[in-house]
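Order of listing sets the numbers, starting from 1, for every ligand and every atom in it.
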Amino acid sequence: MTKEPTVLLAPGVWRIPLIGDFVNGFMLRDEDGQVTLIDMGIARSGPKVMAALASIGSGPSDVTRLMLTHAHPDHAGGAKHVADATGREFGVHEADAEFVRTGLGPPRDRNIPLGRLFAKLPSKFPAAPVGETFTDNQVIPFAGGIRVIHTPGHSPGHASYLHEGSGVLITGDAIFNVRGLRWPIKAFCTDFTMTTQTAHRLAEVDYTTAAFTHGPELTDNPREHIRKFLSAHGAR
Ligand SMILES: [Zn+2]
């Protein structure tokens, strides 16, 4: 399990292990020192994100962009803390924006028995400010461009992010890499079947590192691993 505050994925791109390798955030720094932070872990991860920022010699005023892959408590939980610490608002896909603003997570899949059970327990986290909302295929002008790949299913506005400058793909919860590639927990998806359909988008784009919000990165031919996983387990 990773104990370091950051793991370097590519020049200017770091993974932030927030609960060991099981819950990750990400940090990108442009040549002019501007920093983008992606995913903030659970509520108590906020200070860890800020500590990771300090560990690369940057401070709160260097952070010019905050982003979330989706509005679940283990990604958006620390968002309010980081928004307060940096004075910035979050960018998130438009279909998850309201969940971030209210701190109330998206609905769970009612076709899954456990989803019906969990639906009675609200998925809550501290509400955080949202500024820009993203649409599919939008390229965010930061350090070579970050492409928004809408991969709905896990949540309505779930997005994966491809940093085109470094070739690092941030899958979000479209696919986990916890003891091997696997689907996210069915009961926490808004529409599990859709998750297994939209993940195919990750086989269609180019990258040299696949970075996961749950689990360590793949650096050796990651697209082939993901393609194999999708052809064995994906739906069309
Ligand atoms: Zn999630």
Checking only N/O/S atoms, does His75 have one that is under 2.8 Å from the Zn ion (ligand 1)? no

Within residues 85-109 or reaching into it, pairs that qualify as ring-ring contact (aromatic ring centres under 6.0 Å, His included) - sequence neighbours excluded: His93-His150

So that I can check it, does any N, O or S atom in His70 come closer than 2.8 Å to the Zn ion (ligand 1)? yes

Closest to the Zn ion (ligand 1), among the N/O/S atoms of His72, is atom ND1

Please determine if Asp21 and Arg15 form a salt bridge, counting it only when a charged side-chain N lies under 4.0 Å from a carboxylate O. yes

Name of whichever N/O/S atom of Asp173 is nearest to the Zn ion (ligand 1): OD2

CZ of Arg182: more than 12 outside heavy atoms within 6.0 angstrom? yes

Hphob cluster co-occupancy, Ile16 + Leu8, side-chain heavy atoms under 4.5 angstrom: yes

